[in-house]
Amino acid sequence: MSPSFTRAYPFVMERGEGCWATDVDGNRFLDFTAGIAVVTTGHSHPKVVAAIEEQARRFIHMSGTDFYYSSEIELAERLEAKILPGTPAKVFFTNSGAEAIEGAMKLARFTTGRPSYIAFIGAFHGRTFGALSLTASKASQRRRFAPLLSSVFHAPFPTPARGVTTDETMARLEELFATVAPPESVAAVFVEPIQGEGGYLVPPDDFLPRLRELTLKHGILLVADEVQSGMGRTGHFLAVEHWGVEPDIVCLAKGIASGLPLGAFIARAEQMAWPPGSHGSTFGGNPVACAAGLATMDLLEDGLIENAARVGAVLQDGLREIAATHPQVTDVRGLGLMLALELKTPEHAAQLVQSAFERGLLLLTAGTRAVRISPALVLDSEEAATGLEIIASALD
Ligand SMILES: Cc1ncc(COP(=O)(O)O)c(C=O)c1O
């Protein structure tokens with residue numbers, strides 16, 4: 001295996017069920033990672049497994065680029081109804097988050113005829129060359145990969161956790177427009193409504209509405225990267241709904257098919273009007289992945305989004321209680337089941353992840369010194385309490 005991976009501890013998975021994962025030695029762990037915020041409906045949800053089996057028995061692949069099949073069309077219709085209700089939309093299915101971002105970058109250029117992009121410091125949009133040009137989370141992700149796309153500009157991401165205000169970010173955007181990136185040359189602004197890999201950073205409430213206003217004023221497309229924050233994780237189907245903002249393009253992946261590789265970007269029909277041949281993918285929208293996506297949508301609409309909001313609030317309260325008695329915790333933040341604890345130093349964060357592992361809880365870091373909590377949306381209050389006990393004990 002490539003040594004480029006960043007495994008923090010030796011967890012070797014044998015099987016999983018809901019929020020629980022068992023390793024090859026038979027040890028059972030509470031999983032607060034959900035495979036990096038992917039298994040929305042828990043490990044191997046019986047309804048998702050049944051949908052996969054049913055589709056796989058009929059056929060596994062045909063390619064939506066050249067042919068038709070119902071699971072892909074139905075999932076596109078379900079996403080359209082959820083993301084742009086009442087507005088005709090178009091959907092392009094991919095195999096990953098990075099591919100959804102790449103596609104959105106191409107679409108934004110095609111639609112606007114403009115060359116440039118703006119993204120934010122701390123952003124993570126993926127690792128392919130286009131997406132990596134937007135990514136500005138860790139130097140290790142970009143080191144020795146230049147030259148990247150030349151027409152990408154970055155502004156600071158506003159968040160109380162870093163002491164950056166919306167006013168400062170807006171001033172920086174105006175400065176970019178006035179100096180290196182005239183607004184009429186900017187195709188799109190890419191933004192994670194809550195930064196994920198960058199540290200689970202929540203922006204001030206006025207940021208996304210003001211960004212929407214600014215982009216509309218200049219005819220710049222607003223692309224919401226909801227790869228990590230979407231699919232109900234924050235207690236709404238999309239995180240942008242917390243701020244009542246409607247982006248031009250939405251990118252999804254991770255949780256969309258409960259673990260099968262699938263991504264998508266969705267735009268209003270008039271903005272995705274590129275001709276046949278301009279974009280395609282052999283595997284994107286694979287029928288088995290789309291069947292898993294449909295079962296995932298059913299489960300989200302049957303109560304998992306509300307569950308994420310409800311149990312997420314309980315979990316966040318518990319984390320705040322822990323922070324009050326553990327001075328090495330410097331911040332608690334997030335929405336729904338997209339939560340983080342920030343520690344004093346990267347070493348404190350790594351130690352917490354390690355000792356939680358030794359106590360039967362799977363965690364991952366985010367940013368430099370945050371520990372993210374991104375369990376499956378099926379987490380119940382009892383499981384949340386178990387996780388909190390382990391976190392408190394690991395910090396002790
Ligand atoms: C917000 C966001 N965008 C894009 C990506 C890239 O997704 P993938 O790893 O599926 O290419 C990620 C992955 O962590 C992400 O968190």
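Just follow the structure's listing: the first ligand is 1, and inside any ligand the first atom is 1. Values in this document were obtained by computation on a predicted structure and should not be read as measured data. The figures that follow rest on heavy atoms only: side chains count, while hydrogens, waters and symmetry mates do not.
- In terms of polar-atom proximity, Val227 is not counted as a contact of ligand 1, lacking any N or O under 3.5 Å from an N or O of the ligand.
- Considering only non-hydrogen protein atoms, atom 16 (O) of ligand 1 sits nearest to Gln228 NE2, 2.8 Å.
- Proximity to Glu192 (heavy-atom distance under 4.0 Å) selects the following atoms of ligand 1: 1 (C).
- Scanning the protein heavy atoms around atom 2 (C) of ligand 1, the nearest turns out to be Phe124 O, 3.2 Å.
- Atoms of ligand 1 lying under 4.0 Å from any heavy atom of Ala98, numbered from 1 in the order shown and given with element: 6 (C), 7 (O), 8 (P), 11 (O).
- Using a non-hydrogen distance threshold of 4.0 Å, Arg127 does not register as a contact of ligand 1.
- Within ligand 1, counting atoms from 1 as listed, the ones closer than 4.0 Å to a heavy atom of Asp225 are 1 (C), 2 (C), 3 (N), 4 (C).
- In the hydrophobic cluster analysis, where Ile, Leu, Val, Met, Phe, Trp and Tyr join through side-chain heavy atoms closer than 4.5 angstrom, Phe93 is grouped together with Val250.
- For the side-chain hydrogen bond (donor to acceptor under 3.5 Å, both in side chains) with Thr166, the qualifying choice from Asp205, Thr159, Asp206 is Asp206, the only one to do so.
- Under the 6.0 Å cut-off for aromatic ring centres, Phe29 and Phe357 qualify, their centroids lying closer than that.
- Protein heavy atom nearest atom 10 (O) of ligand 1, with residue, atom name and distance: Gly97 N, 2.8 Å.
- A ring-centre distance under 6.0 Å is found for Phe177 and His218.
- If you number the atoms of ligand 1 from 1 as listed, the ones under 4.0 Å from a heavy atom of Ser96 come out as 10 (O), 11 (O).
- The 12-atom threshold is exceeded at CD of Glu358, counting heavy atoms of other residues, nucleotides or ligands nearer than 6.0 Å.
- Of the candidates Ile101, Leu222, Asp225, Ile101 is the only one forming a side chain to side chain contact (heavy atoms under 4.5 Å, CB included) with Phe190.
- Leu75 and Phe265 are members of different hydrophobic clusters when ILVMFWY side chains are connected at heavy-atom separations under 4.5 Å.
- Neither the backbone nor the side chain of Glu99 comes within 4.0 Å of ligand 1, counting heavy atoms alone.
- Hydrophobic clustering, with ILVMFWY side chains joined whenever heavy atoms are under 4.5 angstrom apart, groups Val240 together with Ile266.
- The Lys254 neighbourhood of ligand 1 comprises atoms 13 (C), 14 (O), 16 (O), with distances under 4.0 Å to a heavy atom of that residue.
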